[in-house]
Amino acid sequence: MTRKRDETGPDKDGVDRRGFLECMTWAGSGVLWTVAGGAPLGVGLIHALAEQPALSPFSFLQISDSHVGFDKPANPNALATLREAVERIKALPVPPSFMIHTGDISHLSKDKEFDDAEQLIRDAGVPVFYVPGEHDLLDEGQGRAYLNRFGRGSRGAGWYSFDSNGVHFVGLVNVVNLRAGGLGNLGSDQLDWLRKDVAGLASSTPIVVFAHIPLWSIYPEWGWGTADAAQALGHLARFGSVTVLNGHIHQVMQKVEGRVAFHTARSTAFPQPAPGAASSPGPLKVPAGELRRYLGVASIDFVQGSEALAIIDRPLSG
Amino acid sequence: MVGCLAVSRRLRFARRLALLGLAFAAFWPALASAQQAHAVPLPREVIVTIDNFSFNPPELTVPPGTVVTWVNRDDIPHTVVAAGKSFRSRALDTDDRFSITFASVGDFVYFCSLHPHMTGTVKVRGAAEAPAAASRATGPAP
Ligand SMILES: [Cu+2]
């Protein structure tokens, strides 16, 4: 994928053209994220939101792929960039109600990596809801260490749901029992649980689903998709607003399909190449001065009385 | 299938046992012939490198008793896991190695549990056995 550097920065309407075009390439229309650093800016659905009266909005934050323990050339100190991300969260004018972490907390599931990550993230001062990435299941117990630490109140390999401010949140695990040649996988136990979990909800309830590997097929050649995602989305088809938040691919991508908005967040550790842009999805080494433009978190604003959520990607530096 | 594989630790132990046997044999000629039958030549080692999220070579044909060693040369961890669950490495970080001895014939499909699109096969074929004969042996009866 060719990439043109736009040195003029964000346009006067607040839309970074370079980011916008990249997004359009992969997302088609219906875009609702921006890559502008700092102030909440948006296009598409966010404009629509601005026309409605703001009724006690609440926001939460997505952090992903902190890979604490990673120390290779693409980022010799993943803990330091995670610290920067946490500092940025603490500096937000309105603190988020809570955070979700969409997995790959650690790089190799070592106790020290989990300890360091957990301590640092706790410093943000808001509750954190975790789901595991495949890098969090590398202990001898194949996920036991993760469950002991983060899995309280969860089922199976660590899935669960909760309600906040009228929104139903579902944390799914699609990184266990992966098969040779396959993609991310939820499995029938989890799908059954999901069906029952949402059965009693009114169709007007906004749903936010979060999981590590994207629940939409981004690039199966690199395993960037989930084999049984369609069944999960089938259980959510009757809902008016479904937002799917994922990590794993270490870059922002977005797609809106009907009433379902899919979004992937940046990593706080290292970027990965755009689909097919390199011979493998290995860590992308960018000039040291540019690394922080590729790392970051996402904040999600929910306006009560509206069905749409505004997702704002916040790089560590613009 | 588990029984036909041995991890390298077991292999080293076997080698040590064989040496012990030879030392013993020097003092006890009556045992020498029996021991020599077990003092097989050191098994052949074949290296599979992991580069750019792929196993190289992706397919390997080796005689029984071959030690296959995987070496991760990526800057991201990978694993080596048998599709049939008969072996499973820990996470291999950069330059980490994992070895197993393939003691009996068969096809062993394996993959990386972190990146399951990464797959490979080790075909273990009897020394005197041609690949065609092996597939005939495992095929349906005529
Ligand atoms: Cu791998």
Side-chain angles (χ1 to χ4, degrees), chain A residues 65 67 69-76 78 103-104 106-110 113 132-143 174-185 212-213 219-227 248-250 267 269-270 272-273 278-285, chain B residues 1-2 5 7-9 48-60 68 70-98 100 102 106-124:
Chain A
D65 295 270
H67 283 266
F70 182 83
D71 60 0
K72 301 300 187 291
N75 179 359
D104 285 358
S106 73
H107 194 54
L108 291 165
S109 305
K110 293 180 178 164
E113 296 173 347
E134 71 281 2
H135 284 259
D136 301 318
L137 308 177
L138 297 173
D139 60 312
E140 277 199 16
Q142 293 179 45
N174 56 0
V175 293
V176 296
N177 293 328
L178 304 186
R179 277 187 287 269
L183 300 167
N185 182 55
H212 180 65
I213 298 178
Y219 199 64
E221 292 87 337
W222 285 355
W224 290 0
T226 300
H248 188 59
I249 67 168
H250 298 213
S267 162
F270 58 87
Q272 282 177 264
S279 56
S280 83
L284 187 65
K285 184 140 172 36
Chain B
M1 278 311 214
V2 179
L5 295 159
V7 295
S8 58
R9 215 182 305 134
V48 176
T49 62
I50 308 175
D51 301 285
N52 254 321
F53 288 64
S54 51
F55 297 108
N56 300 305
E59 193 180 303
L60 207 59
V68 178
W70 285 265
V71 185
N72 181 15
R73 299 205 295 212
D74 272 350
D75 53 5
I76 206 82
H78 297 292
T79 63
V80 179
V81 177
K85 302 192 172 169
S86 54
F87 57 87
R88 176 181 198 102
S89 79
R90 69 192 186 291
L92 306 177
D93 203 356
T94 307
D95 295 329
D96 281 353
R97 290 164 168 256
F98 170 69
I100 54 170
F102 287 88
D107 286 359
F108 299 88
V109 174
Y110 64 89
F111 68 112
C112 167
S113 65
L114 286 160
H115 314 104
H117 67 284
M118 296 170 57
T119 58
T121 307
V122 177
K123 295 185 171 183
V124 185

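Note that these values count all heavy atoms, side chains included, but never hydrogens, waters or copies made by symmetry. We name chains A, B, ... by the order of the sequence lines, and we start the count at 1 in each one. Computed from a predicted structure; not experimentally measured.
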* Spacing of CZ belonging to B:Arg90 relative to OG belonging to A:Ser109, to within rounding of 0.5 Å -> 14.0 Å
* **Atom pair CG/OG1 of A:Leu138 and B:Thr79 - distance to nearest 0.5 Å** => 7.5 Å
* **Nearest heavy atoms of B:Pro116 and A:Gly182, plus distance in Å** => CG-O, 3.4 Å
* Just wondering, more than 12 heavy atoms not from B:Asp51 lying within 6.0 Å of its CG? -> yes
* **Side chain, backbone, both or neither of B:Thr119 within contact of chain A (heavy atoms, under 4.5 Å)** => side chain
* How far apart are the closest heavy atoms of B:Phe111 and A:Arg179, and which atoms are they? -> CE1-C, 3.9 Å
* Looking only at non-hydrogen atoms, find the nearest pair between A:Phe70 and B:Ile76 and report the distance. => CE1-CD1, 4.3 Å
* **Residue A:Leu108 versus chain B: region with a heavy atom under 4.5 Å** => side chain
* To do: Kindly give the heavy-atom pair with the smallest separation between B:Ser113 and A:Leu178, and that separation in Å.
  => O-CD1, 3.6 Å
* Answer yes when B:Asp93 and A:Lys72 have at least one side-chain N-carboxylate O distance shorter than 4.0 Å, and no when they do not. => yes
* Asked: Could you state the interatomic distance from CZ (A:Phe270) to CG (B:Asp75), rounded to the nearest 0.5 Å?
  -> 8.0 Å
* Asked: For the candidates A:Gln142, A:His67, A:Glu221, which exhibits the highest count of non-hydrogen atom pairs separated by less than 4.5 Å from chain B?
  -> A:Gln142
* **Minimum-distance pair of heavy atoms, taken over all atoms of B:Pro77 and A:His135** => CG-CE1, 3.5 Å
